[in-house]
**Student:** 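Structure provided below as structure tokens; questions to follow.
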Amino acid sequence: MESEKLLRECRLCPRDCGVDRTSGQKGFCGCGSRVKIARAELHRWEEPCISGKNGSGTVFFSGCSLKCCFCQNYEISDKGKGFELSCEELAETFLRLRDMCAHNIDLVTPTPYVPQIVSALDKVRGRLDIPIVYNCGGYEEMSTLELLRDRVDVFLPDLKYYSAELSAKYSGAADYFVKASAAIKKMAELTGKPVFDENGLMKKGVIVRHLVLPNGRHDSAELIRWLSENFEKDSIMVSLMSQFTPVYHAFDHKELSRRTSTFEYEYVAGLLQKTGFDGYFQQRSSADEGYIPEFFDRKYY
Ligand code: SF4
């Protein structure tokens with residue numbers, strides 16, 4: 001794979017910008033040709049089969065191809081906080097996290113940097129004996145996912161919206177469901193059914209995450225119906241999240257200016273329970289901003 005060629009006319013995600021990132025042009029995501037991250041540390045706030053006892057080795061990438069108006073990580077996704085790394089330094093960062101006893105390498109919002117991530121992973125092939133987790137917003141391009149075949153073990157995609165009206169309003173992406181639904185099918189094809197080790201840690205598979213939005217329970221119901229109609233019960237896991245907290249541009253939308261209610265979350269949880277998918281229900285008590293980690297604008301390790 002020639003990573004430079006992919007960046008020279010960037011169509012890595014459905015935004016399809018076509019910009020030359022190697023000559024300083026930037027598309028919707030705001031990402032340049034060098035990898036930019038804001039943190040690389042052990043992280044214990046993913047699902048239990050990902051975080052385990054030690055935590056995942058989480059790398060938070062700067063920039064984003066979605067930029068949802070309610071993003072809790074807006075400092076890095078929209079404002080671009082972070083520091084640049086070469087592919088060699090990214091590979092060393094993966095090894096550093098492994099040496100810290102991370103259960104996996106957890107790539108958060110990696111989409112705009114897939115070519116560089118693939119180069120870094122190929123540099124440490126054979127030395128990185130822990131799963132690679134691709135933790136993304138679900139808004140993915142098929143050809144980009146294909147680059148991850150035999151490189152990524154676990155996919156952790158969001159499935160945010162069914163309605164094109166909502167996805168256009170909150171993420172500026174009317175085609176979100178069309179793209180994300182196809183991407184999740186592709187991810188399940190790439191990994192196969194969930195596989196766990198003797199400690200219950202996920203070695204392969206897909207966990208679809210859905211965050212219940214305030215005033216969004218009927219859209220959530222459509223997503224759960226779609227999942228149950230399109231996946232065998234043991235082919236994926238589903239994680240239902242409740243931690244919506246209005247931040248940043250969420251206040252531009254009256255209906256997003258409050259937390260998701262217990263009634264709304266339990267309504268969706270009840271529907272999900274009936275489907276028979278294995279997965280997780282997030283504790284309502286964790287629905288606060290205390291889980292946002294510290295981000296850095298210069299290399300600190
Ligand atoms: S990765 Fe960035 S530049 Fe490339 S198509 Fe997506 S938004 Fe545009």
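Remember, it's a predicted structure, so these values are computed and weren't measured experimentally. As the structure lists them, so they are numbered: ligands from 1, and atoms in each ligand from 1. For this chain, numbers begin at 1 and follow the sequence in order.
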**Student:** How far does CD of E89 sit from CD1 of I37, to the nearest 0.5 angstrom?
**Tutor:** 9.5 Å
**Student:** If the cut-off is 4.0 Å to any non-hydrogen atom of D16, which atoms of ligand 1 fall inside it?
**Tutor:** 5 (S)
**Student:** Count up the protein N, O or S atoms sitting under 2.8 Å from atom 2 (Fe) of ligand 1, would you?
**Tutor:** 1
**Student:** Both conditions, 6.0 Å and 45 degrees, for the charged tip of K67 above the ring of F28: are they met here?
**Tutor:** yes
**Student:** When you check the gap from the basic side-chain N to the acidic O, do E9 and R21 get nearer than 4.0 Å?
**Tutor:** no
**Student:** So how far is it from K233 NZ to D278 CG, rounded to the nearest 0.5 Å?
**Tutor:** 12.5 Å
**Student:** Which residues satisfy the ring-ring contact (aromatic ring centres under 6.0 Å, His included) test with Y161, sequence neighbours excluded?
**Tutor:** Y176
**Student:** Is it true that the NZ or CZ of R298 lies under 6.0 Å from the centre of F83's six-membered ring and within 45 degrees of the ring axis?
**Tutor:** no
